Amino acid sequence: MRDEELSAALLRWYDANARVMPWRVGPEARRSGQRPDPYGVWLSEVMLQQTTVAAVRDYFRRFTERWPTVGDLAAAEDGQVMAEWAGLGYYARARNLLKCARAVVSDHGGRFPETAAALRALPGVGPYTAAAIAAIAFDEPATVVDGNVERVVARLFAVETPLPAAKPELTAHAAALTPRTRPGDHAQAMMDLGATICTPRNPACGICPLVTACRARAAGIAARLPAKAPKPVKPTRRGTAFVGLRGDGAALLERRPDRGLLGGMLGWPGGEWSEAPLDPAPPAPGNWRRVGEVRHTFTHFHLVLEVQAARLAPDAAAGTGTFVPRDSFSPADLPTVMRKAHDIARGALEGDGADG
DNA sequence: CAATCGTGGGT
DNA sequence: TACCCAAGATT
């Protein structure tokens with residue numbers, strides 16, 4: 001099949017099989033002239049970076065209900081946005097989300113730029129996201145290359161070079177497939193195909209609209225493409241979290257620095273995380289006791305976090321961190337590893353018989 | 001270019 | 001259990 005025929009077959013498949021998502025305008029409505037809101041496209045694309053559709057749905061709904069426009073988001077307080085993002089991971093995305101919203105308001109009159117090149121200059125918008133927004137929201141025939149597209153074209157053209165070295169070659173193939181009409185639907189079709197048919201482990205080649213053109217399928221190597229470089233083993237780091245709760249419900253927390261792991265998020269005071277950490281000092285005077293440990297795995301290391309808990313006096317002085325009143329703090333505002341530490345500590349403190 | 005940066009679900 | 005993976009960006 002020629003590239004144009006592949007693209008046409010893919011779009012026919014998409015017209016009948018497009019997944020329904022809150023941020024998406026389906027192929028039928030799209031061809032009758034309806035376009036998705038660029039704000040929703042941008043927000044969903046950032047949330048979907050290295051993140052599953054299932055995990056994103058509720059976050060997208062909560063963000064758009066609370067901040068319906070990019071202007072609303074730009075005017076939000078940093079802590080409110082970080083709290084709303086808590087649990088979704090890769091927190092640099094949330095920091096850049098705010099920077100980007102504010103740049104759109106201050107530098108672009110509150111409207112998103114309409115070309116991939118201009119979008120690319122915004123914080124947190126890389127090659128993929130710029131192309132996706134330009135194609136989906138503005139009909140620019142930009143080349144959209146995410147993990148799904150990489151997998152689909154690696155198989156279609158039997159590219160055996162391992163990633164990430166294969167990226168330029170895969171991008172060239174993806175560019176050749178991108179049509180001048182319906183580029184947004186094409187991009188979403190490639191991703192839907194990768195997510196539902198051309199899957200990593202057991203691709204459903206029997207129902208694939210491109211099966212007759214697939215060189216990897218013909219060679220019997222589809223399931224092991226794309227090849228990837230082997231991954232390094234994860235070391236184990238250890239650390240301590242001091243979960244200090246006051247009788248009135250206030251929690252002794254600290255705001256983590258913007259740079260680095262969990263940057264910009266709230267967390268429990270504690271020492272460094274390393275393979276051989278020093279014993280950290282408690283953040284406030286109190287009857288601290290070990291109540292358990294959290295085992296949590298990050299992208300590049302395992303963490304064993306010892307949880308120390310104490311019910312602190314009403315007049316306790318915080319040496320590290322700040323008491324956040326019950327009214328303005330929920331465990332759901334914490335990154336997952338910190339929420340796990342809270343849950344263990346609260347269970348232990350409640351077991352003492354006092355109230356929460 | 002290689003390292004950094006989260007989390008939950010599937011196998 | 002341990003590993004893989006998911007609509008990547010930044011430095």
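Everything quoted here is computed from the prediction, not taken from an experiment. First the proteins, then the strands, lettered A, B, ... as listed; each starts at 1.
Of the candidate nucleotides dG8(B), dG6(B), dG8(C), dG6(B) has the atom nearest to the side chain of Leu262(A).
The stretch residues 14-28 of chain A touches DNA chain C through Arg19(A), Met21(A), Trp23(A), Arg24(A), each having a heavy atom within less than 4.0 Å of the strand.
In this structure, Leu163(A) places its CG atom 12 Å from P of dC1(B), rounding to the nearest Å. Whole-Å rounding puts the Asp146(A) CG to dC5(C) C1' distance at 13 Å. Atom CZ of Arg151(A) is separated from atom P of dC4(C) by 15 Å (rounded to the nearest Å). Atom CG in Asp258(A) sits about 12 Å away from atom P in dT11(C), given to the nearest Å. Atom-to-atom, NE2 of His300(A) to P of dA3(B) comes out at 11 Å; the value is rounded to the nearest Å. We find that CZ of Phe298(A) is positioned 7 Å from P of dG6(B), with the value rounded to whole Å.
One can find a donor-acceptor pair under 3.5 Å joining the base of dG6(B) and the side-chain atoms of Thr299(A). With hydrogens and angles ignored, a donor-acceptor pair under 3.5 angstrom links the side chain of Thr51(A) to the base of dG6(B).
Toward the 5′ end of DNA chain C lies the nearest nucleotide of Leu48(A), the other residue of the pair Leu122(A) and Leu48(A) mapping further downstream. Where Gly194(A) and Arg259(A) each meet DNA chain C at their nearest nucleotide, the meeting point lying more 5' is that of Gly194(A).
Under the 4.5 Å side-chain criterion, counting only non-hydrogen atoms from C-beta, Asp37(A) is not in contact with Trp42(A).
Comparing the same atom, P, in dG6(B) and in dT11(C) gives a spacing of 14 Å after rounding to whole Å.
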